[in-house]
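Step one of this worksheet: look at the structure below.
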Amino acid sequence: MRCPALKTTFVLHQCLRLAIMSLLLPLLILSSVNAHAATASDTNTSSLNHYYLVTWDPKSVVNRKAFDERLSEQAGSLLKHWKAGKIENVYLDPKPTDREGQHIGTVAFFVRAATPADAHSILAEMPFVKDRIVTYQLDEVGAFWLGRPEDLNKAVN
């Protein structure tokens, strides 16, 4: 026999988690003006134009409680790296599920780094990687072909 209170708690927990995830995207958009200004002034960061696609494996989550507890910190870390110009083009997909079939959502983004090792070191600072909560895949996608307007005279390729 199922307890109706447990079902209500589960639904509230799911709504809260999705609300936190959906708040991340507007924060990224609202901060874009300041982040791009900071990136343009940082000559070390702006001279890097190699990109690596990061995708997270929601089925790799072994400890759902740890995932939920660190989600806010992970979002903060992502936003910090985005503001620093190390992460670009963040995509949020709330549909993926964990091993038990519960919605977990996932984020994919591009890391801007000179080498794969540099990209891995940026990710190593993130809570989900530090605590081995979720595994990720890093795929080199190459240089940003059209580049960014502020990088037109600084190409390294």
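Heavy atoms only, all atoms of each residue included: Val111 and Leu123 are closest at CG2-CD2, 4.2 Å. For the pair Pro94 and His103, the tightest heavy-atom approach, listed with the atom from each and the gap, is O-ND1, 3.6 Å. Closest approach of Tyr52 to Ala119, counting heavy atoms only: CD1-CB, 3.9 Å. What you find for Glu88 and Phe109 is that their closest heavy atoms are O-CB, 3.7 Å. Counting all heavy atoms, side chain and backbone alike, Pro116 lies closest to Glu140 at CG-OE1, 4.5 Å.
Applying the side-chain hydrogen bond (donor to acceptor under 3.5 Å, both in side chains) test to Gln137 and every residue at least two apart in sequence or in another chain returns Asp139. Every residue two or more places apart in sequence or in another chain that forms a side-chain hydrogen bond (donor to acceptor under 3.5 Å, both in side chains) with Thr97 is listed here: Lys59. With sequence neighbours excluded, the residues that form a salt bridge (Lys or Arg N to Asp or Glu O under 4.0 Å) with Glu73 are Arg70. Val62 meets the side-chain contact (heavy atoms from CB on, under 4.5 Å) test with Arg99; sequence neighbours excluded. Shown here are the side-chain contact (heavy atoms from CB on, under 4.5 Å) partners of Lys80, two or more places apart in sequence or in another chain: Glu125. In this structure, the side-chain hydrogen bond (donor to acceptor under 3.5 Å, both in side chains) partners of Thr135, at least two apart in sequence or on a different chain, are Ser60. Checked against side-chain contact (heavy atoms from CB on, under 4.5 Å), Lys95 has the following partners two or more places apart in sequence or in another chain: Asp93. Taking the ring pair (Phe, Tyr, Trp, His ring centres under 6.0 Å) definition, one finds that Tyr136 meets it with Trp56, His120, sequence neighbours left out.
We find the CD1-OG distance between Ile87 and Ser77 to be 7.0 Å, quoted to the nearest 0.5 Å. Expressed to the nearest 0.5 Å, how far CD1 of Ile133 lies from CD of Glu69 amounts to 8.5 Å. Going from atom OG1 of Thr106 over to atom CG of Leu92 covers 8.5 Å, rounded to the nearest 0.5 Å.
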**Asked** Is there a side-chain contact (heavy atoms from CB on, under 4.5 Å) between Phe110 and Val141 once you walk through the steps?
**Response** CA-CA 9 Å; Phe110 292 92; Val141 294; 3.9 Å; yes

**Request:** For the pair Phe67 and Asn63, evaluate side-chain contact (heavy atoms from CB on, under 4.5 Å) and give the outcome as yes or no after the intermediate values.
**Result:** CA-CA 6 Å; Phe67 177 90; Asn63 185 339; over 6 Å; no

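Side-chain contact between Leu78 and Met126: present, with at least one pair of heavy atoms (C-beta onward) separated by less than 4.5 Å. The shortest distance between side-chain heavy atoms of Asp98 and Arg64 falls below 4.5 Å. Taking 4.5 Å as the limit, every side-chain heavy atom of Leu138 sits out of range of all side-chain heavy atoms of Leu53.
Side chain of Ser121 to main chain of Asp118: a donor-acceptor pair is present (N/O by atom type, distance under 3.5 Å, no hydrogens or angles).
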